[in-house]
Amino acid sequence: MIKLFEPYISKEESNATIKVIQSKFWASGSGINNVKKFENAFLKYTQSKSCVSVNSGTAALNLALSMYDIKGKEVILPSLTFVATANACILNKAKPIFADIEDTTFGLDPKSILNKITDNTKAVMPMDYGGMACKIFEIKKITKDKNLTLIEDAAESLGASINGHKVGSLADSSIFSFCGNKVLTTGEGGAVVTNSREIYEKIKLIRSHGRFDKINYFSNASESQYVQMGYNWRMSSITAALGISQLQKLDKIIQMRKENAKYISLRLSKFSEIQVPNTSSEVDHIFQMYTIRLRNKKIRDELHEFLTKKRIFSKTYFNPIHLTEFYQEKFGTTKGMLPVTEKLSQEVLTLPIYPNMTLEEKEYLIQSISEFFESLDN
Ligand SMILES: Cc1ncc(COP(=O)(O)O)c(C=O)c1O
């Protein structure tokens with residue numbers, strides 16, 4: 001069986017977590033304070049000024065959106081993304097407005113954003129698909145000209161860069177996910193990065209019950225002050241220890257992913273029916289996902305079934321959010337609204353990729369795809 005994803009680990013992850021377990025300071029911020037250490041390392045890596053770690057990418061999305069007064073307003077976002085991106089708008093009582101994407105980066109198309117802006121638009125929230133940076137410079141220019149907030153859902157693209165700028169470093173706030181299939185994983189986890197000190201302080205409060213502590217709550221015997229509403233969206237010290245270990249080897253992880261992708265692409269490009277991932281000079285692809293395109297939905301679905309029978313895990317990322325029953329009923333979104341998104345969503349198939357993918361696994365994948373096309377010819 002070939003898995004779709006697998007974390008890259010070494011002795012450091014086990015040693016670091018055992019150290020926290022043995023210290024008996026497992027909660028956030030206590031003892032050796034891994035959470036703060038992870039946040040400091042993460043903000044350096046992402047070229048940001050501030051970082052707040054949380055317990056999921058979804059919590060990060062909700063926190064980031066809650067900072068920008070979007071209630072009753074419209075937020076422009078892609079539909080070819082994970083459903084949490086759009087759900088975070090609803091949870092913050094804003095209306096998600098889906099714009100179309102580009103055929104090349106799979107990210108929001110600046111022209112489509114311009115078409116969707118109304119007097120009620122408050123924010124634009126691009127998503128960097130599967131390890132590719134979206135056209136953030138063009139999008140930032142639009143949000144600046146139109147006085148809109150820019151929130152980047154960089155959940156899938158930690159480490160990718162565009163013109164030397166790390167993904168997530170250019171928006172008002174950006175979010176990342178560390179769930180199991182991400183380039184850096186802590187099992188579950190997430191982070192918000194921002195260059196605004198004020199947003200950073202506010203997010204920290206909401207992350208932990210609106211509680212203001214001069215000294216960490218768990219190492220502090222005095223009364224706490226609860227200054228506003230909040231949640232428990234904290235990352236634990238054990239999780240942060242994993243994050244620190246993973247971050248130290250992130251460049252290596254990305255390099256291994258890139259090498260595997262290069263190997264697979266070289267072999268798959270001989271099939272005229274397959275379009276391999278875009279790695280043109282304008283796209284720095286870090287391959288959180290390895291997504292190919294097929295001629296149409298029929299072939300895509302047949303290949304998916306064939307690979308499943310061969311015990312190779314493949315998956316469609318994503319079925320467009322605007323075509324889910326819930327969004328159609330709630331917001332009146334319909335088929336035909338987003339031609340590029342809808343076409344792409346019928347053609348994409350994500351194949352296995354992870355740093356330690358063996359030569360045998362890569363060959364088995366390529367051989368199986370070859371068998372599939374041979375079976376079509378006969
Ligand atoms: C684009 C995108 N946004 C948000 C999320 C949510 O992150 P999490 O699963 O950590 O809550 C994901 C997660 O998989 C994602 O792919």
Side-chain angles (χ1 to χ4, degrees), residues 3-7 38 42 46 51-66 75-92 94 96 98-99 101-102 105-108 123-134 136 139 150-160 167-168 171 173-193 203 207 231-236 239-240 242-243 246 257 285-291 313 315-322 324 327 341 344-345 348 350 353-354:
K3 299 173 222 164
L4 193 59
F5 59 88
E6 185 186 88
F38 175 57
F42 194 79
T46 51
C51 166
V52 183
S53 63
V54 284
N55 51 19
S56 73
T58 304
L61 273 172
N62 283 313
L63 271 172
L65 279 174
S66 73
V75 176
I76 297 174
L77 74 160
S79 176
L80 196 84
T81 176
F82 186 54
V83 71
T85 319
N87 285 346
C89 299
I90 306 181
L91 282 164
N92 282 283
F98 297 105
I101 53 174
E102 294 182 315
T105 61
F106 293 19
L108 273 182
V124 178
M125 183 160 54
M127 188 281 257
D128 305 286
Y129 179 100
M132 282 184 280
C134 67
I136 195 70
I139 297 172
L150 178 59
I151 301 162
E152 190 170 1
D153 181 343
E156 299 179 358
S157 296
L158 172 63
V167 158
S173 287
S174 300
I175 76 96
F176 295 90
S177 161
F178 311 132
C179 82
N181 64 352
K182 298 302 186 288
V183 174
L184 179 159
T185 181
T186 57
E188 299 288 356
V192 184
V193 298
I203 287 182
R207 170 178 67 173
Y231 306 90
N232 175 1
W233 283 343
R234 298 184 302 264
M235 179 179 269
S236 81
T239 307
L242 281 173
Q246 289 267 291
R257 284 179 173 273
H285 202 325
I286 53 101
F287 293 100
Q288 185 262 331
M289 297 200 280
Y290 182 90
T291 303
F313 196 147
K315 203 162 171 158
T316 296
Y317 287 102
F318 294 91
N319 288 312
I321 301 174
H322 75 285
T324 59
Y327 276 81
T341 299
L344 265 176
S345 70
V348 287
T350 298
I353 192 144
Y354 39 88

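Residue indices begin at 1 and follow the sequence shown. Note that these values count all heavy atoms, side chains included, but never hydrogens, waters or copies made by symmetry. Indexing begins at 1, ligand by ligand and atom by atom, following the structure's order.
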**Message:** If you take the centroid of each ring, where Trp contributes its six-membered ring, are F106 and Y317 closer together than 6.0 Å?
**Reply:**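 That pair fails the under 6.0 Å test.
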Counting only nitrogen or oxygen atoms and a 3.5 angstrom limit, does [X] reach ligand 1?
X: C179; value: no
X: E156; value: yes
X: S177; value: yes

**ligand 1-proximal atoms of L61, by part, heavy-atom distance under 4.0 Å** =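 Contact part for L61 vs ligand 1: side chain (C-beta onward).
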**Request:** With heavy atoms under 4.0 Å as the rule, classify the contact between D153 and ligand 1 as side chain, backbone, both or neither.
**Result:**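 Under 4.0 Å from ligand 1, D153 contributes side-chain atoms alone.
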**Request:** May I ask you to list the atoms of ligand 1 that are less than 4.0 angstrom from any heavy atom of K182?
**Result:**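 Those qualifying, in numeric order: 13 (C), 14 (O), 16 (O).
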**Asked** Quick one: which ligand 1 atoms are inside 4.0 Å of a heavy atom on M127?
**Response**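 Those qualifying, in numeric order: 1 (C).
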**Prompt:** According to the interplanar angle, ranging from 0 to 90°, do the rings of H322 and F98 count as parallel (below 30°), tilted (30 to 60°) or perpendicular (above 60°)?
**Reply:**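 The arrangement is tilted - the two ring planes meet at 30° to 60°.
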**Prompt:** How are the rings of F38 and F178 set to each other: parallel, tilted or perpendicular (split at 30° and 60°)?
**Reply:**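 Aromatic pair F38/F178 classed perpendicular.
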**Item:** Of I203, V193, T46, V192, the residue whose pairing with C51 passes side-chain contact (heavy atoms from CB on, under 4.5 Å)
**Value:**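 One option only clears the test, and that one is V193.
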**Asked** Does the side-chain contact (heavy atoms from CB on, under 4.5 Å) test come out yes or no for C134 and I139, once each step is laid out?
**Response** CA-CA 9 Å; C134 67; I139 297 172; 4.1 Å; yes
**Request:** Compute whether any side-chain donor of one residue and acceptor of the other, for Y354 and N181, lie under 3.5 angstrom apart.
**Result:**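 The criterion, which ignores hydrogens and geometry beyond distance, is not satisfied for N181 and Y354.
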